[in-house]
**Q** 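What follows is a structure written as structure tokens; I'll ask about it next.
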Amino acid sequence: MDLDVLKTYCDLVDSGSFSKAAEINLISQSAVSQQLAKLERELGTQLISRRGGSVAATEAGQAFYRGSRDILRRHEAMVGEVRSAADAVRGVLRVGTIYSVGMYSLDPVVKQFMRSHPEVTLRVEYMRAHHIYAAVAGGDLALGIVAYPERRRGIEAISFASEELVAVFSPEHRLAGRRRIAASALAGETFVAFEPDIPTRRNIDRRLKAARVVVSVVMEFDNNETLKRAVEIGAGVSILPETVIEREVAAGSLCFARFSDARSWVRPLGILRPRGKRPTPAESMFLGILRA
């Protein structure tokens with residue numbers, strides 16, 4: 001078993017999706033399936049169950065996940081110690097991010113850091129916000145990047161940017177030609193939303209309630225990509241960060257309108273790190289690029 005296979009398996013369990021695990025590791029979805037099949041043959045047991053389109057680790061799969069995570073972290077720590085012995089700037093930097101930030105807003109930061117500091121091994125992991133808080137508090141992540149950062153015990157939350165939330169429509173929707181709308185324009189619309197436990201969804205619900213706007217939620221998803229596809233086919237309207245729809249707007253498959261009170265419709269982004277812990281040189285460099 002090589003480390004890349006173990007990492008792909010862990011990403012599969014974390015994301016619950018073959019396509020996401022493939023995207024994170026820059027391989028094809030079929031390669032993820034082949035790696036899983038080989039692991040299950042070698043171990044003689046089923047690691048992943050597939051029911052109704054969902055993917056979850058079996059009891060044996062959870063045990064293998066815990067062991068794999070431990071191996072990967074020990075390996076990264078060893079590499080970091082060896083590199084740090086030669087140069088204080090070297091090492092492994094583990095950053096956790098929610099999907100919507102990691103795949104859009106964070107991408108140029110990651111590229112700049114990798115170009116400027118190739119001596120640092122940067123590990124970016126995509127996960128749900130509550131997992132990021134737990135991993136930062138437990139020391140498994142050096143930094144976490146989330147929306148609507150919260151102060152929690154043992155965690156320092158640093159605000160560093162904000163994204164504008166906009167109303168998103170299919171090109172055929174009655175509001176598709178509008179550049180700016182009041183929230184009241186969405187009243188009664190069928191709505192495609194994030195799942196209820198996602199912070200962005202909770203805050204959108206609060207903003208709509210404050211504006212006395214009632215929408216009919218017909219679909220709920222845990223990721224931007226599936227949500228955007230639902231809006232494209234006319235399943236409903238949605239509210240998303242403008243940064244995540246730029247590609248679709250340029251291609252003409254989605255339209256958007258800003259809210260008339262745009263300053264109220266922003267999504268703050270924050271950096272999480274262990275409270276009271278001095279940042280390593282690699283962390284300091286990454287934080288510097290983020291804040292810039």
Side-chain angles (χ1 to χ4, degrees), residues 7 10-11 13-16 20 24 65-66 68-70 72-77 80-81 84 88-89 91-110 112-113 117 120-163 165 194-207 222-224 241 243-244 266-292:
K7 181 181 181 303
C10 290
D11 289 333
V13 174
D14 286 334
S15 67
K20 287 180 185 175
I24 292 167
Y65 171 84
R66 291 191 294 271
S68 298
R69 272 286 178 224
D70 185 56
L72 290 169
R73 286 166 185 159
R74 286 172 181 265
H75 176 261
E76 289 180 354
E81 289 175 7
S84 295
V89 175
V92 177
L93 178 60
R94 299 185 70 241
V95 177
T97 176
I98 58 174
Y99 295 98
S100 60
V101 175
M103 293 183 176
Y104 303 97
S105 301
L106 193 61
D107 186 55
V109 174
V110 170
Q112 182 180 342
F113 182 86
H117 306 287
V120 178
T121 301
L122 178 63
R123 303 284 192 193
V124 179
E125 300 187 21
Y126 298 84
M127 55 184 74
R128 299 284 282 268
H130 63 278
H131 290 310
I132 295 176
Y133 281 96
V136 171
D140 294 328
L141 290 175
L143 300 170
I145 300 173
V146 298
Y148 303 97
E150 302 173 4
R151 292 184 178 181
R152 298 189 183 180
R153 186 174 181 178
I155 294 178
E156 177 186 5
I158 307 166
S159 296
F160 77 97
S162 63
E163 299 175 320
L165 294 171
F194 289 110
E195 290 182 349
D197 66 330
I198 293 177
T200 301
R201 164 70 183 278
R202 294 199 298 267
N203 282 274
I204 288 173
D205 285 351
R206 279 197 286 267
R207 291 299 314 159
D222 68 349
N223 66 90
N224 291 286
T243 52
V244 311
V266 294
R267 183 173 82 153
L269 305 181
I271 307 161
L272 308 180
R273 61 178 313 278
R275 185 179 298 278
K277 183 181 178 182
R278 183 177 180 180
T280 65
E283 288 175 46
S284 295
M285 290 184 294
F286 193 83
L287 286 169
I289 295 174
L290 274 175
R291 288 167 170 167

**Q** Could you work out, with ring pair (Phe, Tyr, Trp, His ring centres under 6.0 Å) as the rule, every residue matching F113, not counting sequence neighbours?
**A**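 F113 satisfies ring pair (Phe, Tyr, Trp, His ring centres under 6.0 Å) with H117, F286 only.
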
**Q** Starting at OH of Y148, measure out to CZ of R201 and round the result to the nearest 0.5 Å.
**A**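 That separation rounds to 12.5 Å.
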
**Q** Any heavy-atom pair between the side chains of L72 and C10 that's under 4.5 Å?
**A** yes

**Q** Donor-acceptor pair, distance only, cut-off 3.5 Å: does the side chain of R275 make one with the backbone of G154?
**A**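 Absent.
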
**Q** Only one of I271, T97, I158 forms a side-chain contact (heavy atoms from CB on, under 4.5 Å) with L143, so which one is it?
**A** I271

**Q** Is any side-chain heavy atom of I204 closer than 4.5 Å to one of L165?
**A**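 Heavy-atom side-chain distance check passes, below 4.5 Å.
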
**Q** Are V124 and V110 close enough, and set up right, to give a side-chain contact (heavy atoms from CB on, under 4.5 Å), and what steps lead you there?
**A** CA-CA 9 Å; V124 179; V110 170; 4.1 Å; yes

**Q** With the side chain counted from C-beta on, respond yes when I98 and I145 share a heavy-atom pair under 4.5 Å apart, and no when they do not.
**A** no

**Q** Roughly how far apart are F194 CZ and T200 OG1, rounded to 0.5 Å?
**A** 5.5 Å

**Q** Could you work out, with side chain to side chain donor-acceptor pair (under 3.5 Å) as the rule, every residue matching S15, not counting sequence neighbours?
**A** none

**Q** Residues in salt bridge (Lys or Arg N to Asp or Glu O under 4.0 Å) with R153, at least two apart?
**A** none

**Q** Atom NZ in K277, atom CD1 in I155: separation rounded to 0.5 Å?
**A**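 If I round to the nearest 0.5 Å, the distance is 12.5 Å.
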
**Q** Apply salt bridge (Lys or Arg N to Asp or Glu O under 4.0 Å) to R66 and list each qualifying residue two or more places apart in sequence or on a separate chain.
**A**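 Counting only residues at least two positions away or on another chain, R66 forms no salt bridge (Lys or Arg N to Asp or Glu O under 4.0 Å).
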
**Q** Quick check: do L106 and L290 have side-chain heavy atoms less than 4.5 Å from each other?
**A** yes

**Q** Quick check: do S284 and P279 have side-chain heavy atoms less than 4.5 Å from each other?
**A** yes

**Q** Give me each pair satisfying salt bridge (Lys or Arg N to Asp or Glu O under 4.0 Å) with a member in residues 120-133, each pair once, sequence neighbours excluded.
**A**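 As it turns out, the salt bridge (Lys or Arg N to Asp or Glu O under 4.0 Å) pairs with a partner in residues 120-133, which skip direct neighbours, are R69-E125, E76-R123, R94-E125, R128-E195, R128-D197, R128-D222.
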
**Q** Could you check whether any side-chain heavy atom of D107 comes within less than 4.5 Å of a side-chain heavy atom of V109, counting everything from C-beta outward?
**A**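 Heavy-atom side-chain distance check fails, nothing below 4.5 Å.
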
**Q** Once you round to the nearest 0.5 Å, how far does OG1 of T243 lie from CG of N224?
**A**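 It comes to 8.0 Å.
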
**Q** Of the non-hydrogen atoms in V120 and A282, which two are nearest, and what is the gap between them?
**A**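 Shortest heavy-atom contact: CG1-CB, 3.9 Å.
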
**Q** List for me each residue that meets side chain to side chain donor-acceptor pair (under 3.5 Å) alongside R152, sequence neighbours excluded, and say none if there are none.
**A** E150

**Q** With sequence neighbours excluded, tell me which residues meet salt bridge (Lys or Arg N to Asp or Glu O under 4.0 Å) with D11.
**A** K7

**Q** Please list, chain by chain and in numerical order, all residues satisfying salt bridge (Lys or Arg N to Asp or Glu O under 4.0 Å) with E283, sequence neighbours excluded.
**A** R273

**Q** Mind checking what makes side chain to side chain donor-acceptor pair (under 3.5 Å) contact with R278, not counting sequence neighbours?
**A**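 So R278 forms no side chain to side chain donor-acceptor pair (under 3.5 Å) with any residue.
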
**Q** Is it possible for you to check whether K20 lies under 6.0 Å from the centre of the six-membered ring of Y99, through NZ or CZ, and within 45° of that ring's axis?
**A** yes

**Q** Could you walk me through whether D14 and H131 pass side-chain contact (heavy atoms from CB on, under 4.5 Å), step by step?
**A** CA-CA 9 Å; D14 286 334; H131 290 310; over 6 Å; no

**Q** Is the closest side-chain heavy-atom distance between L269 and S159 below 4.5 Å?
**A** no

**Q** Tell me every residue that passes side chain to side chain contact (heavy atoms under 4.5 Å, CB included) with A134, counting only those two or more places apart in sequence or in another chain.
**A**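 Scan of A134 (side chain to side chain contact (heavy atoms under 4.5 Å, CB included), adjacent residues dropped) gives none.
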
**Q** How would you list, by chain and number, every residue that makes a side chain to side chain contact (heavy atoms under 4.5 Å, CB included) with P108, sequence neighbours excluded?
**A** none

**Q** For S100, what residues pass the side chain to side chain donor-acceptor pair (under 3.5 Å) criterion, not counting sequence neighbours?
**A**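 S100: side chain to side chain donor-acceptor pair (under 3.5 Å) contacts with R267.
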
